[in-house]
Amino acid sequence: MKKVITVMIMVFSIVTLVGCGSATNNTPPAESSATDTATVQKTENRILKDSSDSSSENSTSDSGSKILVAYFSRAGENYNVGTVEKGNTQIMAEMIAEETGGTLFKVETVTPYPSSYDECTDVAKQEQNDNARPELKEAVDDFDDYDTIILGFPIWWGDMPMAMYTFLESYDFSGKTVLPFNTHEGSGEAGTTGKIQSALPQATALEGLAVQGKTAQEDRNDTMTTIQKWLSQNEIN
Amino acid sequence: MNQGSKRMMWKKSFKYFIDLLMIALFVLLMSNQYTGQLAHEWIGSGMLFVVLMHHWLNRTWYKALSKGNYNIIRMLQTSIDFILLLLIIAMMVSGILLSRYVFVWLQPETGMNSLRLIHLASSHWTVLLMAAHLGLYLSVFLKRIYRNEKQAIRVIFRLCGIISAIFGLISVMQLNFVDYMFLQTEFYQYSEDSFVLYMIRVVSILLGTASLTHLFMKLKRRIKT
């Protein structure tokens with residue numbers, strides 16, 4: 001009996017030590033500086049104003065094709081970047097719109113996602129398990145006029161957020177070129193390019209770009225350079 | 001050979017087959033970046049079955065717990081066995097609750113991120129502890145082999161042990177095992193390796209840890225193998 005108790009004490013002490021050792025020290029880093037946010041905010045307002053104007057105002061790239069930059073992004077409390085004013089994906093989307101002259105469109109759900117990280121992950125997992133199609137707020141004006149759709153999203157539970165699936169199923173993508181980009185925390189494009197191609201058999205999906213969320217949020221220069229390279233590789237710009 | 005010992009032979013072989021299957025399935029489970037989520041869940045379900053089978057085949061372990069002497073070696077063995085058991089339970093429960101396909105009907109409403117962290121950390125601990133568990137019982141298996149086969153096999157096994165220990169240690173570092181074990185990183189970082197190279201890495205870590213544990217046992221016990 002004594003031996004059994006000794007063994008159990010050994011087991012419990014080892015387990016406790018491990019438990020203490022694994023206490024996370026994931027304190028969010030300082031929020032992005034106010035001036036950065038203000039400058040980007042101004043750019044965002046200008047771009048959004050453009051996209052809400054009538055279709056005759058929509059800008060085209062140098063090559064003459066009409067480009068839509070549709071993205072899903074969630075600010076608030078996020079992993080590794082703390083609480084942010086602007087989501088990692090949105091930052092990338094705005095850079096891409098700037099480079100290509102494309103029209104920005106933010107994919108937004110009627111019911112917003114919780115700004116608390118853990119709560120949001122619970123909602124996202126539920127939606128994924130249910131194969132849900134969350135209702136979207138707005139529709140894109142004159143979707144058919146665009147020939148290139150640049151599609152951006154974060155990786156949620158190893159896949160696109162379900163809101164993106166709603167988006168893909170809301171329009172006719174036949175004959176269009178789709179260029180995906182995404183932010184992630186380790187899983188790269190997580191097989192989403194294949195999923196997009198399967199969801200849009202009549203469209204052509206090109207080589208996507210995956211950028212670590214923290215890099216997009218905090219290393220704007222690096223991200224811009226990566227985006228420029230990727231766009232020219234895909235012969236856009 | 002009479003009927004009784006023939007049956008014993010089949011039982012032993014089946015035991016070893018199940019052990020081998022567990023290792024193979026675990027290597028595939030660690031490779032979920034390459035197999036994808038659906039396959040990962042089905043292989044995990046298979047693993048649950050194999051683990052239960054392993055426990056059934058070795059059920060005398062439970063009975064023997066209250067019997068006999070507990071020296072340091074046996075205490076170490078038993079502690080590692082227990083921790084491994086807890087880890088496997090943690091992996092199974094978290095895996096089942098996180099399931100998107102096979103056990104999707106069991107989804108809890110909350111705590112998903114915590115479950116994910118448990119699954120991430122415990123998987124990496126399990127790699128090392130499963131290997132240590134293997135290493136602690138390896139002498140039994142090796143004695144049988146060495147008795148019946150040519151002695152050259154001992155050299156080959158030792159060579160495998162050394163090579164896997166070296167490459168295993170390198171891989172533990174390159175795959176940032178310690179980061180996941182202590183949740184310094186909360187998300188699995190996909191590897192640039194090919195599927196085959198990654199599996200070789202995991203096998204090396206398993207065999208390397210088992211070999212080092214076996215070596216430790218030998219030195220402690222002065223077993224002749």
Considering all heavy atoms of both residues, which atom of R116(B) and which atom of W157(A) are nearest to each other, and what is their separation? CD-CZ3, 3.5 Å
Working for side-chain contact (heavy atoms from CB on, under 4.5 Å), residues F187(B) and H184(A): CA-CA 10 Å; F187(B) 283 87; H184(A) 66 91; over 6 Å; no
What part of D159(A) gets within 4.5 angstrom of chain B, counting heavy atoms only: side chain, backbone, both, or neither? side chain
Quick check on Y16(B): does its OH atom have over 12 non-hydrogen neighbours (other residues, nucleotides or ligands) under 6.0 Å away? yes
Of the listed K125(A), Q126(A), E119(A), the one with the largest count of heavy-atom pairs under 4.5 Å with chain B is K125(A)
Taking atom CD of Q228(A) as the centre, report whether more than 12 heavy atoms of other residues, nucleotides or ligands fall under 6.0 Å from it. yes
Minimum heavy-atom separation for Q107(B) and D130(A), please, with both atom names. NE2-OD1, 3.5 Å
Separation of E185(A) CD from Q189(B) CD (nearest 0.5 Å): 5.0 Å
Spacing of CG belonging to N113(B) relative to OH belonging to Y79(A), to within rounding of 0.5 Å: 10.0 Å
Under 4.5 Å, heavy atom to heavy atom, which residues of residues 87-103 of chain B contact chain A? L98(B), S99(B), R100(B)
Around atom CH2 of W61(B), are there more than 12 heavy atoms from other residues, nucleotides or ligands closer than 6.0 Å? yes
